[in-house]
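Structure first, commentary second.
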Amino acid sequence: MMLGLLLARVGVEVIVLEKHKDFLRDFRGDTIHPSTLELMHELGLLEEFLSRPHQQLRQIQAHFGSEKTTIADFSHLPTHCKFIAFMPQWDFLNFISEHAHRYASFSLRMEAAVNDLLFENERVIGVRAATPQGILEVRTDLVVGADGRSSTVRELAGLEVVDLGAPIDVLWFGLSKRDGDPEQSFGYVGAGQFMVLLARGAYWQCGYVIRKGGFDETRERGLEKLRAHISRCVPFLNNRVEELKDWESVKLLTVKVDRLRQWCREGLLCIGDSAHAMSPVGGVGINLAIQDAVATANILGQALREGRVELNDVRAVQHRREWPAHLTQRVQIFMHEHFLERIFQATEPMAPPLPAQLLEKFAVLRRIPARMIGIGFRPEHVMPAK
Ligand SMILES: Cc1cc2nc3c(=O)[nH]c(=O)nc-3n(C[C@H](O)[C@H](O)[C@H](O)COP(=O)(O)OP(=O)(O)OC[C@H]3O[C@@H](n4cnc5c(N)ncnc54)[C@H](O)[C@@H]3O)c2cc1C
């Protein structure tokens, strides 16, 4: 959607195909990072964006049992917004879509599920998508697969996926927010447990981390046990865990960390999770996908407008965005192996590990994770429209 907006803005004809009929799904996180907010500023949309309902998180805190530590502090970032904005992703996508529709060259087709690629010799020249009205064929100079961690496009294109392994899955559910709750929360570490709470207006969006493949076992142990685990990890939720009435209210989100060896072939490019599926650790995947979109528009905008996109142009996108994505994945994998694994093995509530203690003690150090999470490696900037 972001790439659609950016390309339409520089006069490229673009059609975005989305397989669902709306953006009302809750499994993709809600974080809009300072670097993305900076892009909103560069696009002249920041003020309007901030007038939409959202919450602002200026520091990230983790609770280790009864101890609270501050992990990141965004107040020193060199950006207009020194906070992460929390906005449900459907509101964010609707916002981007509204602005993209101001350009005559933009169109969005909902309920269009891409299920085939069109080839001419070895070059991809378009897609075929299933819609309620029948098959839709779109012929184009460039197909961009931005279809997430279970990308159909990358599979149809035969691009080789390197699986980096993710030892976790996430149980995703909502619990009501009540008077006296903390304003904004983040990570809670219990004995062998890790849970994240995202404030979404009237309710908490909860992510309860389990070992990969552990969902069947969790179900076998029963809902009562899960409720007890949640109460133990985040005690203030104790008086509402009964809201989890059945397993329908608990969704399993499968976490993947992988990357494509080649993000492109002639006529086709993958970006975002489709090129490099991100773990939820650090909540940076949305941001990274958006940074890919900006780089793609910057590198390919003119060539697309002139209808002459060569494989080398498309490769330049991978060349620019590959290392920030890989480095971020490395950090996530390090956190899986050294932080989450320790949590899973703990039988007693864990004391803050040394890095967390140092961050608590020396406020200046909190600028490092703030920069990595809030801006990331190699931030992109929107080029002025000619
Ligand atoms: C449990 C969990 C929590 C997370 N929390 C956060 C967080 O808080 N913050 C954060 O930054 N990141 C988070 N992430 C990572 C983040 O969700 C992804 O990195 C990010 O959404 C990638 O964006 P994307 O646009 O590449 O793909 P997606 O956001 O997955 O979007 C892909 C889109 O393509 C559509 N689509 C798929 N297939 C087709 C098809 N065949 N035809 C047409 N359309 C199709 C989908 O419906 C979807 O709208 C989380 C990940 C997980 C697993």
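Atoms within a ligand are numbered from 1 in the order they appear, just like the ligands themselves.
A donor-acceptor pair is defined here as one N or O able to donate and one able to accept, closer than 3.5 Å; such a pair exists between the side chain of Arg321 and the backbone of Arg378. Glu160 places no side-chain N or O within donor-acceptor distance of the main-chain N or O of Arg261, the cut-off being under 3.5 Å. A donor-acceptor pair under 3.5 Å is formed between the side chain of Gln329 and the backbone N or O of Ala277.
Under the 30°/60° scheme for interplanar angles, the aromatic rings of Phe339 and Phe194 are found to stand perpendicular.
Close to ligand 1: Ala113, with a non-hydrogen atom less than 4.0 angstrom away. At least one heavy atom of Arg149 sits closer than 4.0 Å to an atom of ligand 1. Remark: distances from the non-hydrogen atoms of Ser150 to ligand 1 are all 4.0 Å or more.
Shown in contact with Ala112 at under 4.0 Å from a heavy atom are these atoms of ligand 1, numbered in order with element: 42 (N), 43 (C). Taking every non-hydrogen atom of Gly272 and a distance limit under 4.0 Å, the qualifying atoms of ligand 1 come out as 26 (O). Close approach of ligand 1 to Gly148 (heavy-atom distance below 4.0 Å) involves ligand atoms 27 (O), 30 (O), 32 (C). The atoms of ligand 1 that sit less than 4.0 Å from any heavy atom of Thr31 are 7 (C), 8 (O), 9 (N), 10 (C), 11 (O). Within ligand 1, the atoms closer than 4.0 Å to a non-hydrogen atom of Leu253 are 1 (C), numbered from 1 in the order shown.
Cluster annotation: Leu46 is connected to Phe83 through the hydrophobic network of ILVMFWY side chains, with a link wherever side-chain heavy atoms come within less than 4.5 Å.
Residues Arg154 and Ser274 approach most closely at NH1-O, 2.8 Å, considering heavy atoms.
Among Leu288, Leu198, Val114, the residue whose heavy atom lies nearest to atom 40 (C) of ligand 1 is Val114. Between atom 26 (O) of ligand 1 and the options Asp273, Ile32, Leu171, Val255, the minimum heavy-atom separation is to Asp273.
Stacking of Lys177 on the aromatic ring of Trp204 is recorded, both the 6.0 Å distance cut-off and the 45° axial limit being met.
When non-hydrogen atoms are compared, ligand 1 lies under 4.0 Å from the backbone of Val284 (N, CA, C, O) but not from its side chain. Counting heavy atoms closer than 4.0 Å to ligand 1, residue Asp30 contributes backbone atoms (N, CA, C, O) but none from C-beta onward. Residue contacts with ligand 1 for Ile286 involve both N, CA, C or O and side-chain atoms from C-beta outward (heavy atoms, distance under 4.0 Å).
Other residues, nucleotides and ligands place no more than 12 heavy atoms under 6.0 Å from the NZ atom of Lys68.
By the 3.5 Å distance cut-off applied to N or O atoms, Glu18 is counted among the residues near ligand 1.
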